[in-house]
Amino acid sequence: MHKFLTNAAVLEHELSELRLVVERQTGVLLDAPSEDLAQVVTQYLEAQHLASTSDLLELLRSSESAYENLVEPLLDAETRFFRYPAAFDSLTKVALPEILARKSSESPRTLRFWSAGCSTGEEPYSIAISVCETVNCSGGGWNVHIVASDIRRKPLELAERGLYEESALAQVPSHLVQQYFVKVGQHFMVKPRVRNLVRFAPMNLARPVYIGRFDCIFCMDVLPHFSMSQRMALVQRLHCYLQPGGYLFLGQGEKLPAVGVTFNWQKNGDYIVYQKPMAAAAGQGR
Ligand SMILES: C[S@@+](CC[C@H](N)C(=O)[O-])C[C@H]1O[C@@H](n2cnc3c(N)ncnc32)[C@H](O)[C@@H]1O
């Protein structure tokens, strides 16, 4: 028989330790009030039949995946189709025309995108639809690949299904709904020609990985949840993962921290899109 704990059993110093472990493993700064965090910890201990917070800390240190269920209710997972319309406008009006012109003589002609922190898939599918509106994805001689990743597996499973409630499509213009979605009962399914462009994979942005270089990286509303040191390290890695001339899309109003890599930037209305210089020698400032 396992022991049920109350919030009072989770001590403040244990929560501090937990915040540290999660920050090291995921980059995410758990700034939820201690009371909320203690509540989540208590529920987790009960569900996992763990006797104490020390057991939990031990488990988190030894297992890459154990923290996933724990931090799930604490991570901000908000997302929408075309969440920041100005970002997608900048993709189709600023980035894509320049990339297409620059790469038009390449053979094969390939475009690579990464949605880093994609939650339930609305972001990568919005990228795919924007690209299909600009490039003929199925016959225009361009190979389009979109990698979409998140640390949480459950949202990725939903994303892979590509099935959304009607309310999720509120911001999608009706002609795009007609062209890229099919109604299935009460839901809308992303059509296969768009789904086939996207590959979903679990990935922790706090860890270096190498998945090739990209023409565009979307990392929207992820950096603000990271601690400053993890944020700076991630921006340096994102710079490295971009092709020379590649574009970085952050959430509306997000600013790049000053790190020792060079990004050019341009404004499209209120939105700022960042670009890795063509001559990508690492320099100081932005
Ligand atoms: C606020 S949502 C943003 C979703 C999407 N980018 C958008 O703007 O619509 C942040 C996402 O980042 C993911 N995330 C947080 N920490 C992460 C990490 N260390 N590695 C990968 N994904 C992470 C969360 O699981 C969540 O799905």
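Ligands are counted one by one from 1 in listed order, and the atoms in each one are counted from 1 as well. The structure displayed is predicted, hence computed values, not measured ones.
Among protein heavy atoms, the minimum distance from atom 9 (O) of ligand 1 is reached at T79 OG1, 2.6 Å. Looking at atom 10 (C) of ligand 1, its nearest protein heavy atom turns out to be D76 O, 3.3 Å. Looking only at heavy atoms of the protein, atom 8 (O) of ligand 1 is closest to R83 NH1, 2.9 Å. Of all protein heavy atoms, the one closest to atom 17 (C) of ligand 1 is I151 CG2, 3.7 Å. If you check which protein heavy atom lies closest to atom 13 (C) of ligand 1, you get D150 OD2, 3.3 Å. Nearest protein heavy-atom contact of atom 4 (C) of ligand 1 is G117 O, 3.3 Å. In terms of protein heavy-atom proximity, atom 20 (N) of ligand 1 is nearest to L205 N, 2.8 Å.
Geometrically, ligand 1 and H225 share no nitrogen or oxygen pair separated by less than 3.5 Å.
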> Hey, mind stepping through Y125 and F200 against ring-ring contact (aromatic ring centres under 6.0 Å, His included) and telling me if it holds?
Replying inline: CA-CA 11 Å; Y125 290 133; F200 292 96; 5.7 Å; yes
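Each of the atoms 1 (C), 2 (S), 3 (C), 4 (C), 9 (O) of ligand 1 lies under 4.0 Å from some heavy atom of E78. Using a 4.0 Å cut-off to heavy atoms of M220, the atoms of ligand 1 that qualify are 3 (C), 5 (C), 6 (N), 7 (C), 8 (O). For ligand 1, the atoms closer than 4.0 angstrom to any heavy atom of S119 are 4 (C), 27 (O). Listed by number with element, the atoms of ligand 1 under 4.0 Å from a non-hydrogen atom of M203 are 20 (N), 21 (C). Shown in contact with T26 at under 4.0 Å from a heavy atom are these atoms of ligand 1, numbered in order with element: 18 (C), 19 (N). The atoms of ligand 1 that sit less than 4.0 Å from any heavy atom of V222 are 12 (O).
Counting non-hydrogen atoms of neighbouring residues, nucleotides and ligands closer than 6.0 angstrom, the CD atom of Q179 exceeds 12 such neighbours. The environment of E166 atom CD is sparse: at most 12 non-hydrogen atoms of other residues, nucleotides or ligands sit within 6.0 angstrom. Around CD of Q48, the count of heavy atoms belonging to other residues, nucleotides or ligands within 6.0 Å exceeds 12.
Sorted by first and then second residue, the salt bridge (Lys or Arg N to Asp or Glu O under 4.0 Å) pairs with a member in residues 213-228 read R83-D221, K103-D215; sequence neighbours excluded. Within the structure, the ring pair (Phe, Tyr, Trp, His ring centres under 6.0 Å) test picks out the following pairs touching residues 153-172 (sequence neighbours left out): F81-Y164.
Just one residue in the list V131, I217, V198 forms a side-chain contact (heavy atoms from CB on, under 4.5 Å) with F113, and that residue is V131. The only member of Y274, F214, F263, Y247 that meets ring pair (Phe, Tyr, Trp, His ring centres under 6.0 Å) when paired with H239 is F263.
Separation of the F218 and F82 ring centroids does not fall under the 6.0 Å cut-off.
Residue-ligand proximity: F218 is placed with every non-hydrogen atom at 4.0 Å or more from ligand 1.
If you look at V28 next to ligand 1, the close heavy atoms, those under 4.0 Å, all belong to the side chain.
In this structure, E23 does not pair ionically with R19, as no charged nitrogen and carboxylate oxygen lie closer than 4.0 Å.
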